2 protein chains.
Amino acid sequence: MSPTAQDRRRPMLHETRCESCSLSSLCLPLSLETADLERFDSIIRRHPPIKKGTRLVEQGDRFTSVFAVRSGSLKQITTEGSGEAQLTNFFLPSELVGLDGIDDGRYPGSVVALETTTVCEIPFDRLDALTQTLPELRAQLFRTLSKELREDRRMMQLLSRKTADQRLACFFLGLSDRFRRRGYSPFSFRLSMSRADIGNHLGLAVETVSRILGRFQQQDLVAVSGREVNILDLTALSTLADTEVT
Amino acid sequence: MSPTAQDRRRPMLHETRCESCSLSSLCLPLSLETADLERFDSIIRRHPPIKKGTRLVEQGDRFTSVFAVRSGSLKQITTEGSGEAQLTNFFLPSELVGLDGIDDGRYPGSVVALETTTVCEIPFDRLDALTQTLPELRAQLFRTLSKELREDRRMMQLLSRKTADQRLACFFLGLSDRFRRRGYSPFSFRLSMSRADIGNHLGLAVETVSRILGRFQQQDLVAVSGREVNILDLTALSTLADTEVT
DNA sequence: CGTACGTTTGATTGGAGTCAAGTAAAGTGG
DNA sequence: CCACTTTACTTGACTCCAATCAAACGTACG
């Protein structure tokens, strides 16, 4: 979808320029000069909001673009062989979706909106072309990829060495941190994902997630009401999260 | 995995040019013209062989270079917080070590030789600079990063959804495939890592690895003698590896 | 207002971890 | 080259965390 008259008319116009986007310091164009930012801005395709449950990309679709999340949240689900679906990632505003599709030209998982979500589509060939003349942009892209690698490795550590309680603790700490970085309260937030999603992501059964949430509440670590979360004791959660298992 | 007779006989100098490297079709300079290959070649630093147990990089060291494995093998170990060490990766010839250090300028894990190993050091700033004028090289680097992401996600699926038996089966299939791609037998190879390493990587106790190996032998799936492996029934292993768990 | 879906809680089970002990293999130094 | 030490691997017995099965309860939404 290219910028159209419809786009222009909308008061959204301000919103949809990188220059004025509140996420610009977190998103890709981090360290670009105004002129460069314009060039970056010009390759981006705005999208109308995606409704909850709608798929942004389908597993196996041809890879063409990466997407920057502007608002809302998404989950990535990969189904392999006859194996059950695996929820590999949650995406929050400013995060980049689809980088794992570069290699073989197909998206390796479906990406589904967890709530009404808006994204910026960035055609990868044009992004790649821009990195040729904008070293800072290139560096930022490498960093983003590299960071995702590092986070994946943390996830592996979580899945292979941590108990169910520690996994949940890590999950809350991770979310808390991501919200804080985005300027939201690190203590009080709303989960956009179901217990089943959390369980799938952490390698736990739904029932286990529910039980441990209950236990955390009894211990006054968090207060959970439906999908509303209040972190009461961040320190205790942190301790729990990376205490050696013996 | 062992050095061929040809390797030994040849003077080092010849060996160490990308142009004549037997891995050139798998390593980075995949699709470079001769002239470009020379430019790539010129930034590479050769290293004397690394002995078994020696660390190529130490966790926390300043990130400066990535390393292409020429021969031998390595493991990457990350120690987080007070948590136990996690073996996140094994590296075989033609694979690239260190890409996860780009983001925060530090290597996120130590990389240790599992046997006598030779690597090519590629200073990242120079590699990055080269990608400015060599779009194919840039594309290849993006692909490599992206592929690693995809493999990490597979690993997560393995760690969170597969049984111990399936993990071992996947591990053997993965190795088999990697050897085949490198021109070695996919059925008969030598493990350069210990049972403990395998267990750590797959999120299993050493004892479990040992027991399942025994079971696999009874079922005539593989013949294992020490670190020597013969895959007897690849099909059965494949079936086992991605059969839904019920 | 009812149906479907998401969540909680309880009872039971099993897969893999832990502990323990023994065997094989690989270094090490005389 | 052989005794000795150390490390790697195997095997068995027992335990426990989290999965599974089952059922009730809440909540969202057409």
Side-chain angles (χ1 to χ4, degrees), chain A residues 51-54 75 83-84 86-87 112 114-116 158-171 190-219 222-229 240 243-246, chain B residues 51-54 75 83-84 86-87 112-116 158-171 190-218 222-229 240 243-246:
Chain A
K51 284 199 194 106
K52 178 176 174 173
T54 306
K75 62 178 174 183
E84 206 182 327
Q86 166 76 9
L87 202 164
V112 185
L114 291 169
E115 59 196 311
T116 302
L158 180 146
L159 290 172
S160 76
R161 311 229 86 81
K162 289 190 190 287
T163 65
D165 294 62
Q166 293 180 306
R167 294 184 200 190
L168 254 305
C170 284
F171 178 69
R190 184 165 211 292
L191 301 172
S192 57
M193 66 293 285
S194 68
R195 304 283 193 267
D197 285 337
I198 298 174
N200 188 322
H201 185 52
L202 300 177
L204 300 172
V206 200
E207 296 93 324
T208 306
V209 174
S210 188
R211 265 186 266 272
I212 291 173
L213 249 47
R215 210 181 304 155
F216 278 4
Q217 272 196 109
Q218 285 186 340
Q219 302 171 254
V222 294
V224 183
S225 166
R227 296 192 171 183
E228 218 59 56
V229 175
L240 171 57
T243 294
E244 175 101 28
V245 203
T246 9
Chain B
K51 286 201 193 102
K52 178 175 175 175
T54 307
K75 62 178 174 183
E84 208 182 327
Q86 166 77 8
L87 202 164
V112 186
L114 292 169
E115 59 196 310
T116 301
L158 179 146
L159 291 172
S160 77
R161 311 229 86 80
K162 288 190 190 290
T163 64
D165 294 63
Q166 294 180 304
R167 294 183 200 189
L168 254 305
C170 286
F171 178 69
R190 182 163 212 291
L191 302 172
S192 59
M193 67 291 285
S194 68
R195 304 284 193 269
D197 286 336
I198 298 174
N200 188 323
H201 185 53
L202 299 177
L204 300 172
V206 200
E207 296 93 325
T208 307
V209 174
S210 189
R211 267 186 266 271
I212 292 172
L213 249 48
R215 212 181 303 154
F216 278 5
Q217 271 196 106
Q218 285 186 342
V222 293
V224 183
S225 166
R227 297 192 171 182
E228 219 60 54
V229 174
L240 171 57
T243 295
E244 177 100 26
V245 203
T246 15

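These numbers were taken from a predicted model, which means no experiment stands behind them. Just so it is clear: chains get the letters A, B, ... in the order the sequence lines come, proteins before strands, and each one is counted from 1. Basis for what follows: all heavy atoms, side chains included, without hydrogens, waters or symmetry-related copies.
Listed nucleotides dG27(C), dA16(C), dA18(D) differ in distance to D165(B); the shortest reach to its side chain belongs to dA16(C).
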Let me have a per-nucleotide readout for nucleotides 3-9 of chain C, 5' to 3', with B, S or -, counting only protein heavy atoms under 4.0 Å.
-> ---SSBB
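Sorted by first then second residue, the salt bridge (charged side-chain N to carboxylate O under 4.0 Å, His left out) pairs that include residues 193-219 of chain A, not counting sequence neighbours, are K75(A)-D197(A), D165(A)-R215(A).
As a whole-Å value, the separation of I212(B) CD1 from dG15(C) P is 11 Å. Distance, R190(A) CZ to dT27(D) C1': 12 Å, rounded to whole Å. We find that CG of L202(B) is positioned 12 Å from P of dA16(C), with the value rounded to whole Å. Summarising the geometry, the separation between CG on L168(B) and P on dC9(D) is reported as 13 Å, rounded to the nearest angstrom. When rounded to the nearest whole Å, the span between CD of E228(A) and C1' of dT27(D) equals 15 Å.
Judged purely by atom type and a 3.5 angstrom limit, Q217(A) uses its side chain to pair as donor or acceptor with the backbone of V224(A).
Pairing each heavy atom of M193(A) with each of L114(A), the nearest pair is CB-CD1, 4.0 Å.
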Taking it one step at a time, do E228(A) and R190(A) satisfy salt bridge (Lys or Arg N to Asp or Glu O under 4.0 Å)?
-> CA-CA 5 Å; E228(A) 218 59 56; R190(A) 184 165 211 292; 3.4 Å; yes
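To the nearest 0.5 Å, atoms CD1 (I198(B)) and CG (L168(B)) are separated by 7.0 Å.
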